[in-house]
Amino acid sequence: MVKLSYRRGLLVSDSYAPGLRYDERIGGYVGLPYKYYEVLNYIRESGLTVDDRVLDPIPLQALRAPRIRLRDYQERALEAWKRAGMRGVVVLPTGAGKTLVALAAIQEVGAATIIVVPTIDLLHQWKSAIMRHLSVTPGILGGGESDVAGITVSTYDSAYSRAEELGNRFVLAIFDEVHHLPSPGYMEVAQVLASPYRLGLTATPEREDGRHVLLPDLVGPIVIRVSPAELRGKYLSDYDIKRVYVSLTDDEKSRYESLRARLREDLKRLGVTLRSLEDFHRLLSLAAKNPVARDAVEAWYESVRIAVNSRAKIDSLRKLLAEYSDRKVLIFTRDTEMAYRISREFLVPAVTYKTPKQERLKILELFRKGAYKVIVASSVFDEGVDVPDASVAIVVGGYGTPRQFIQRLGRVLRPAEGKRALLIELVTKGTSDSRLSMRRRSGAEV
DNA sequence: TTGACTCAACATCCTTTGCTACAA
DNA sequence: TTGTAGGTTTCCATGTTGAGTCA
């Protein structure tokens with residue numbers, strides 16, 4: 001008989017299993033609680049019996065709401081997750097109803113569940129979805145609330161600070177926007193939870209730092225992946241993606257070229273070549289001590305700024321806004337400077353991280369009602385914010401990540417009668433901006 | 001309760017017209 | 001005219017958020 005228990009953020013066993021190590025002080029084998037499922041399976045497969053005292057789930061009132069009706073692809077997602085032992089990541093595009101799949105998973109498991117989300121906005125969205133579809137009031141951890149219940153929604157930060165105390169209280173753990181989970185800090189949330197059943201939700205699992213390779217260990221493998229292209233025209237609005245190429249002005253061009261020459265010269269002096277992201281990281285760490293490296297980084301940063309925020313994009317934007325004056329338009333920029341420049345030039349409201357919360361809500365509300373036809377935003381609307389529907393997205397500037405591109409596209413894909421959405425990318429020819437554009441689209445599959 | 005503030009954590013951050021070649 | 005194809009480590013800047021503190 002093997003004894004298995006949970007003690008202050010640790011899984012404790014009186015006999016060995018993979019993932020556990022011997023601890024002198026405890027006088028037994030210990031490991032991170034997320035190994036519970038594996039350890040339990042290992043012991044059972046070894047033919048031993050287990051005195052399992054790990055989980056102490058919070059009681060959950062019977063879920064009386066009728067079973068959630070799912071669309072065909074949502075049903076496939078749920079089935080794939082169940083087949084994988086109720087562990088894994090479901091990849092669905094923004095607006096395809098990931099939440100419903102998760103709520104159906106809660107009904108399936110029928111036991112204490114924690115849902116972890118990255119923003120307070122999502123905290124509230126989940127709360128209302130749970131009340132609407134499951135007729136249960138969930139506990140809330142985060143945004144000033146601290147209330148634990150059979151179904152609890154928490155921010156990553158609050159879950160992190162209370163993980164030890166809550167580690168063995170939930171049977172199912174759902175991680176919304178699960179691509180955040182592999183970050184060094186948030187990862188500990190997944191590791192301290194003993195929850196044997198796990199569901200990750202995202203539209204874009206891949207991370208620039210490559211840490212998404214940790215997801216199978218923390219949550220489970222990707223069990224289904226549906227791209228926006230598969231749902232267009234039926235469950236998501238049909239769409240077109242266009243590119244509009246612009247050129248630098250003579251003035252910008254000479255500044256851009258002199259900055260690039262400065263960068264090349266600095267790199268030559270340093271004996272550094274930039275062939276990979278690692279090379280660039282090396283340059284960044286060098287810049288902390290070395291003035292030539294610092295100058296190289298400055299020249300690089302400034303040249304990118306010129307390319308991404310070129311004057312011709314403003315002119316091009318003017319034409320596009322006139323052409324689509326009868327439609328709701330979301331403009332996305334790379335930085336706050338360009339967002340405010342566009343806001344001044346076209347007299348449209350701008351939203352950035354500097355916009356006070358109340359003002360942001362007001363702008364979104366007026367956009368929803370149609371009083372505002374155009375909003376310009378930096379990257380604040382990329383994720384975790386309930387942005388009212390628009391039918392045209394104009395990407396003035398952005399990162400080179402497929403994730404941001406997919407998320408921005410997702411902002412115009414909410415289906416409506418007779419709607420055909422449009423995403424227009426403004427790209428400055430012959431500069432690092434075209435490389436960024438290439439990179440973000442190459443991985444996006446849209 | 002609110003708002004203003006600070007702090008910590010997270011995310012992004014790469015190649016340059018060359019030299020090839022070929023498909024859409 | 002545009003797109004294609006690969007190797008693996010700790011922070012120059014800026015942008016963004018949640019939590020905590022204090023008035």
Side-chain angles (χ1 to χ4, degrees), chain A residues 116-123 141-146 154-162 177 179-189 204 207-211 213 243 245 256-257 259-261 263-264 266-267 272-305 307-308 333-339 351-360 377-385 397-404 407 427 429-443:
Chain A
V116 192
V117 304
T119 64
I120 289 171
D121 225 73
L122 283 169
L123 206 64
L141 282 179
E145 292 179 67
S146 181
S154 171
T155 59
Y156 277 92
D157 291 81
S158 292
Y160 177 80
S161 52
R162 298 193 50 183
E177 308 288 4
H179 49 270
H180 289 291
L181 193 66
S183 307
Y186 292 163
M187 196 170 99
E188 289 179 34
V189 176
T204 50
R207 296 167 56 98
E208 290 300 295
D209 60 9
R211 289 177 69 99
V213 298
R243 245 152 289 144
Y245 290 93
Y256 179 82
E257 276 167 6
L259 286 163
R260 295 310 273 200
L263 172 61
R264 275 195 299 275
D266 286 339
L267 292 176
V272 170
T273 46
L274 295 182
R275 256 167 301 146
S276 64
L277 189 58
E278 290 68 50
D279 291 338
F280 190 70
H281 281 152
R282 234 165 278 137
L283 177 67
L284 291 180
S285 56
L286 207 58
K289 305 154 260 188
N290 184 321
V292 179
R294 180 180 288 268
D295 186 74
V297 173
E298 265 174 35
W300 164 77
Y301 186 82
E302 184 61 15
S303 72
V304 171
R305 209 177 59 81
V308 173
T333 67
R334 180 181 162 109
D335 51 37
T336 56
E337 181 204 325
M338 190 61 160
V351 181
T352 72
Y353 72 98
K354 293 174 185 163
T355 312
K357 206 177 159 189
Q358 288 307 316
E359 192 182 329
R360 183 193 292 199
S378 44
S379 40
V380 280
F381 290 165
D382 289 354
E383 182 188 305
V385 183
Y399 303 132
T401 62
R403 175 186 304 160
Q404 190 186 49
Q407 281 165 338
V427 183
K429 273 190 292 195
T431 67
S432 43
D433 194 37
S434 21
R435 191 170 289 274
L436 285 172
S437 156
M438 241 171 74
R439 256 182 50 208
R440 64 177 157 249
R441 275 178 294 116
S442 65

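Chain letters run A, B, ... following the sequence lines, proteins first, then strands; residues in each count from 1.
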Quick check for you: among [options], whose closest atom lies nearest to any side-chain atom of [X]?
X: A:Arg294; options: C:dC12, C:dT4, C:dG15; value: C:dC12
X: A:Arg441; options: B:dT12, B:dC14, C:dG3; value: C:dG3
X: A:Thr336; options: C:dC12, C:dT17, C:dT16; value: C:dT16
X: A:Ala288; options: B:dA11, C:dG15, C:dC12; value: C:dC12
X: A:Thr155; options: B:dT12, C:dG18, C:dG3; value: C:dG18
X: A:Thr119; options: C:dT16, C:dT17, C:dA19; value: C:dT17
X: A:Arg334; options: C:dC12, C:dG3, B:dC13; value: B:dC13
X: A:Leu436; options: B:dA11, B:dC14, C:dG15; value: B:dC14
X: A:Leu274; options: B:dC14, B:dC10, C:dT16; value: B:dC14
X: A:Val380; options: B:dG3, C:dT16, B:dT12; value: C:dT16

Name the nucleic acid region contacted by [X], choosing base, sugar-phosphate or nothing; use a 4.0 angstrom heavy-atom cut-off, strictly under.
X: A:Tyr156; result: nothing
X: A:Gly144; result: nothing
X: A:Asp157; result: sugar-phosphate
X: A:Asp382; result: nothing
X: A:Pro118; result: sugar-phosphate
X: A:Arg243; result: sugar-phosphate
X: A:Gly210; result: nothing
X: A:Arg162; result: nothing
X: A:Tyr160; result: nothing
X: A:Ser158; result: sugar-phosphate

What integer distance in Å separates [X]:[atom1] from [N]:[atom2]?
X: A:Arg403; N: B:dA11; atom1: CZ; atom2: P; result: 7 Å
X: A:Leu277; N: C:dC11; atom1: CG; atom2: P; result: 14 Å
X: A:Asp121; N: C:dT17; atom1: CG; atom2: P; result: 9 Å

Whole-Å [atom1] distance, [N] and [M]:
N: C:dA5; M: B:dA23; atom1: P; result: 15 Å
N: B:dC19; M: C:dT9; atom1: C1'; result: 31 Å
N: C:dC11; M: B:dT17; atom1: C1'; result: 31 Å
N: C:dT4; M: B:dT20; atom1: C1'; result: 13 Å

Exercise for the section: Mind checking which stems touch DNA chain B? I mean at least 3 consecutive Watson-Crick or G-U pairs, both distances under 3.5 Å. Expected result: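 Runs of three or more consecutive pairs: B:2-11 with C:14-23, B:21-24 with C:1-4.
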Handout entry: Earlier contact from the 5' end, DNA chain C, for A:Trp300 and A:Ala377
Key =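 The residue mapped nearer the 5' terminus is A:Trp300.
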Exercise for the section: Assign each of A:Tyr399 and A:Leu284 to its nearest nucleotide of DNA chain C by heavy atoms, then name whichever residue's nucleotide is nearer the 5' end. Expected result: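 Closest to the 5' end, via its nearest nucleotide, is A:Leu284.
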Tabulate below the donor-acceptor pairs under 3.5 Å that side-chain atoms of residues 280-292 of chain A make, not counting sequence neighbours, or state none.
unit_1, atom_1, unit_2, atom_2, d
A:Arg282, NH1, A:Asp279, OD1, 3.0
A:Ser285, OG, A:His281, O, 3.4
A:Ser285, OG, A:Arg282, O, 3.0
A:Asn290, OD1, A:Val292, N, 2.8
A:Asn290, OD1, A:Ala293, N, 3.3

Practice task
Would you tell me whether A:Arg162 and A:Ser158 have side-chain atoms, one donor and one acceptor, within less than 3.5 Å of each other?
Solution key: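 A:Arg162 vs A:Ser158: no donor-acceptor pair found between side chains.
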Practice task
Would you classify C:dA13 as syn or anti? Syn applies when the glycosidic angle is within 90° of 0.
Solution key: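 Chi for C:dA13 falls in the syn range.
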Practice task
Decide yes or no, distance alone: a donor-acceptor N/O pair under 3.5 angstrom between the base of B:dC13 and the side-chain of A:His281.
Solution key: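 Such a pair is found, so the answer is yes.
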